[in-house]
Number of protein chains: 2
Amino acid sequence: MGSTGGRRERLRAETTAEIKQVALRLMASGGPDAITLRAIAREMGMTANAIYGYFATRDDLVTTLINEVYTALADAVDTAWANAPAADPAHRIQTWARAFRDWALANPEGFRLIYGDPVPGYQAPEGGAAPDAAHRVCTGIAALADAAWPHAEHLYAHSDFQWPDFDGGLLSKVRPAFPDLPPAGVALALRIWGHLHGLVSLEIYGHLQTQTISPDKLFQEELTQLVRSLGIKPEG
Amino acid sequence: MGSTGGRRERLRAETTAEIKQVALRLMASGGPDAITLRAIAREMGMTANAIYGYFATRDDLVTTLINEVYTALADAVDTAWANAPAADPAHRIQTWARAFRDWALANPEGFRLIYGDPVPGYQAPEGGAAPDAAHRVCTGIAALADAAWPHAEHLYAHSDFQWPDFDGGLLSKVRPAFPDLPPAGVALALRIWGHLHGLVSLEIYGHLQTQTISPDKLFQEELTQLVRSLGIKPEG
DNA sequence: GCAGAAACTATACGCCGTGAAGTTTAAATA
DNA sequence: TATTTAAACTTCACGGCGTATAGTTTCTGC
């Protein structure tokens, strides 16, 4: 045995957790750029090289952080979705989208870490840094599309999407969860994702502020038009 | 005199141009991260510090580059818009959007430079790095909104946008160009910008590829739904 | 009690931006 | 033309970075 509960293993797990926690703290205060092995080590009273005992390389650490942060985002939007009443799809969809933006505004550096160029020379591993969390978020949006599909289906009669157009890992989550959603519905989900991502990312990166004083109002308008374009009447 | 045509001034202008050109070449081949003063100088057979005679700081150089690249993007989409027949708004809007995406796919590093975290510790100057080019692009999208406004207006009867909601610099370009476009139309333009930016930026940063095999088809669907949501019939 | 592994440090290399000081070169002036 | 001056550029230096190598301490299992 010795694989669990050993003193050494426990210390190791604690140190690993501390490294990640310090890295996230540095990121929150100084942006993704502030995630440097030397800064983390300094904060922990160690040498930078000591970290190599826990992460093979800086990029490995960053990938782990992306996973954790992306998972936190997925948790946030999943929770918002789960807590909104299923009987009111329009409200539920807007709640999801608002949770997405709220999380991004509360964790701008995390958003940059996930969706931007995280850290100077970082190279994501093949298949993406956090494919599971990404698929979770996409599945969340597929839930929006699924909720709206009965109302919106007629708008997509022309489209010729097929299952092979999409990633297998994504479909393995989406198809069992939403057996009635056709390929065109998944495409709709990805488009909605793009719409929301675009507005939020313009805002997070400061490009919206040079155009409008009220990104809030703009996003609210987006939500209104989103449910309208899905063929759902705004709640009320 | 001496302010133009002098030998010294000419050499200076040439060197400045070469610095920018080398920087852009480095960026195209190695990403924005590859824009380092030392690499540029190495390429030019100079010392890194020599560049300080032309740009006060690395961030100044980067800001200049962002301006040039952003201007190139604005030129590309403006040209596409100007060359598309005004009589077919749907086709013209799709042409603009396709030019936007095509430019991004052809210049992914430029897109990252403009819209992402360009370079390790880069801090954009106040007011944004390239406000003029940004406003030009937004004005281009305002043209899309203006072309569609007669068809789409009824969808925005509820909205309460006012002129003060928007940036003065943007409005100083948009309002003279499109005197019939109300504040809600500018909001529509920003939303369209967000939609397109989102899809393109997910694709450029590799987040779409882990979800779908055919970003092309997805974008085409976006264009179809865009003109439909604007109340314009797809051309045919 | 001791072998061995795990955790960690020390040193070093080559990258980076940038400041200070010194040198060459070309233009401006007298 | 001779001298001053300023621009262009180099050299050296500092502190930051990731990380490879080698050495040291400390804990664990036999």
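- Set against C/dC16, C/dC8, C/dT18, the side chain of B/N49 has C/dT18 as its closest nucleotide.
- Judged purely by atom type and a 3.5 angstrom limit, B/D165 uses its side chain to pair as donor or acceptor with the backbone of B/Q162.
- With salt bridges taken as basic N to acidic carboxylate O contacts below 4.0 Å, one links A/R136 and A/D75.
- You'll find the ring centres of A/Y115 and A/Y205 outside the 6.0 Å limit.
- The separation between B/R10 atom CZ and D/dA7 atom P is 18 Å, rounded to whole Å.
- Going from atom CD of A/Q123 over to atom P of D/dT19 covers 12 Å, rounded to whole Å.
- Of the side-chain N and O atoms in B/Y52, none sit less than 4.0 angstrom from OP1 or OP2 of D/dC9.
- Ring geometry, B/F111 versus B/F100: the interplanar angle exceeds 60°, so the pair is classed perpendicular (tilted spans 30 to 60°).
- As rounded to whole Å, 14 Å separates atom P of C/dC8 from atom CG of A/L37.
- B/I40 has its CD1 atom 14 Å from the P atom of D/dC9, to the nearest Å.
- Protein atom CD1 of A/I51 is 8 Å distant from nucleotide atom P of D/dG18, rounded to whole Å.
- C/dT18 atom P lies 13 Å from atom CD1 of B/I35, rounded to whole Å.
- When rounded to the nearest whole Å, the span between CZ of B/F55 and C1' of C/dT18 equals 16 Å.
- Backbone-only engagement by A/T57 is indicated by non-hydrogen atom pairs under 4.0 Å involving sugar-phosphate atoms exclusively.
- Close to C/dA5, at under 4.0 Å from its OP1 or OP2, lies no side-chain N or O of A/R12.
- Using a 4.0 Å heavy-atom criterion, one finds that B/Y54 contacts the sugar-phosphate atoms exclusively.
- Using a 4.0 Å heavy-atom cutoff across all strands shown, B/T36 reaches sugar-phosphate atoms only and no base atom.
- Judged by a 6.0 Å distance limit and a 45° cone about the ring axis, A/R175 is positioned over the six-membered ring of A/W163.
- For A/R38, the side-chain atoms get nearest to D/dG18 when compared with the rest of D/dG18, D/dA13, D/dT21.
- Distance, B/I19 CD1 to D/dC9 C1': 12 Å, rounded to whole Å.
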